[in-house]
Structure formats: C-alpha cells, structure tokens
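Only one structure is covered here, and it is reproduced in the block below.
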Amino acid sequence: MPLALGVLISGRGSNLMAILDAIDLGKLDASVKVVVSNKANAAGLVRARERGVETVFLDPKSFIQEVNPRESYDSAVCTVLGEHGVECVALAGYMRIVTPVLIRKFPWKILNIHPSLLPAFPGLHAQRQALEWGAKVSGCTVHFVTEGVDEGPIIGQVAVSIVENETVETLSAKILEHEHQLYPRALQLMAEGRIIRENRMVRIHSSQDTLSTVERAGATENCYPDG
Ligand code: GRF
C-alpha cells in the first residue's frame, strides 16, 4: 500500500510539487490524500488542485475565540487528516508552530524540511541567518517534528557551499534544488519503513549510508541510500 500522505503548506508549494513529481515518476511509493493550508492564497493550493489533489483551507481566524486557539486549530487539522486516511504528515513550508495535539495524533509520523543545516539557523529566514553569520556552508535538513521548533531528530541533510557574493536569493535557490531531492527520498524511506529512531539518533535500516550529501569543490559526494 502506498504511504498515505497529508501535506501541510502555507505558500508556493514547490516541495509539494517535488513530492507529487516523485510519486508520478515512481520514485516515491505514496499518495497525497490531502493538502491543508493555513493561508487562503497559498499558491500551492492552486498547484495541488491542478494536479488533482484534494485541498482544504483551514482559516486560523475561525479559531481565535476558542480557549486554546492553536490547539483547536490543530484539532481541526487532525480531523481533516483523519477523514482522508492520512498516516504520515509532511510539513512543506508550513508557517505555523504545531502543537502537541497534532504531534500526539501522529507520533513520529510528522516530517519537516528546513533550509539550513540544523541545529544551525532554526526558525525564520534561515538562509539570511546563515549569510549574516558568515557561514561557509549551509544546506537543508529533513527532520522529525517534535514540540521544539526545528529541534526534532535529523533524518537527512544536504550541505552546499556558500560562495563569495552569495545572496539570499542565490543561496535559497541552490538549497531549494536539494530540498526537492532530499524530501521525496526521506519520505520514500518512511514508506519503506526503513527509518529507525532511537532517541535523537536516526539510522536507515539495511544501509551503510546516511541520507546525506556534501557538495565539494563543485563535485558532489552522494551518500543517498540506493540513490
Ligand atoms: C522551503 O525552503 C522549506 O525548506 C521551508 O519553507 C520553504 C517552502 O517552500 N520550510 P515551498 O513552499 O515548498 O516552495
């Protein structure tokens, strides 16, 4: 059975498209059951519908009267995901902090992609943070979602070098290209049940490799399992 995915977005949805492309190409044994957005105008909603994927916009404003608005919102998200038979949740540019309500409903089944080498530069504007810090290397990280923002156990990472005259735009574009490779691969390992986690440590079952890539002097050393 393909992995039943729910994807949560807030914006343009390029990672969502990469996931759908990987499914169409037979590289990811999954099916996107529903895309949920907290933003009505998220371009990813339109793009998902064009690909025949069901979408739901859940307006955070409808929950502000509740005693615990954030938890109530997540409870509504859980209902939508449950109604669509979702077993694994991919956050893809989802600009909300998820609460324990969602995390407990899908224990170790929620993944996120972040545009830095965590634990460096968590939170917003990770690419800008890396540049302003003077980092020479940055990248992207796929990790499990836990209650701390961008703190969950790391599943896979790709490093890219930061060159002279790098801008937020050039670095973001460079990282995004790798995000589109890394996220579907991580999800495929989830689909195969090959991601083993012990506390913070994650390993890939029956592989000598880790899900990581390092770009070196223009060449890329690829350690993707089976990649
Ligand atoms: C990506 O850079 C992702 O790492 C971050 O938000 C951005 C989302 O882009 N979490 P997109 O909506 O998938 O195009």
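Numbering of ligands and ligand atoms starts at 1, following listing order.
- To the nearest 0.5 Å, atoms CD (E54) and CD (E83) are separated by 9.5 Å.
- Applying the salt bridge (Lys or Arg N to Asp or Glu O under 4.0 Å) test to every pair with at least one member in residues 140-161, sequence neighbours left out, gives these pairs: R104-E147.
- A side-chain N or O of T55 and one of R49 form a donor-acceptor pair less than 3.5 Å apart.
- Given atom 9 (O) of ligand 1, the protein heavy atom at minimum distance is R12 NH2, 3.2 Å.
- The OG atom of S72 sits 12.0 Å away from the CD1 atom of I64 when rounded to the nearest 0.5 Å.
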Open item on the list: Run S31 and L3 through side-chain contact (heavy atoms from CB on, under 4.5 Å) and show every step you take.
Closed with: CA-CA 6 Å; S31 161; L3 182 68; over 6 Å; no
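- Taking only nitrogen or oxygen atoms, main chain and side chain alike, L16 does not reach within less than 3.5 Å of ligand 1.
- Listed by number with element, the atoms of ligand 1 under 4.0 Å from a non-hydrogen atom of G13 are 11 (P), 12 (O), 13 (O), 14 (O).
- Nearest to atom 1 (C) of ligand 1 by heavy atom, out of R47, H178, M17, E179, is E179.
- Residue P115 has at least one heavy-atom neighbour below 4.0 Å for each of these atoms of ligand 1: 2 (O), 4 (O), 5 (C).
- Closest to atom 6 (O) of ligand 1 among all protein heavy atoms lies G93 CA, 3.5 Å.
- Using modelled atom types and a 3.5 Å distance limit, the side chains of E177 and Q181 yield no donor-acceptor pair.
- In this structure, I113 counts as a contact residue of ligand 1, since one of its heavy atoms falls inside 4.0 Å of the ligand.
- By the 3.5 Å distance cut-off applied to N or O atoms, N112 is not counted among the residues near ligand 1.
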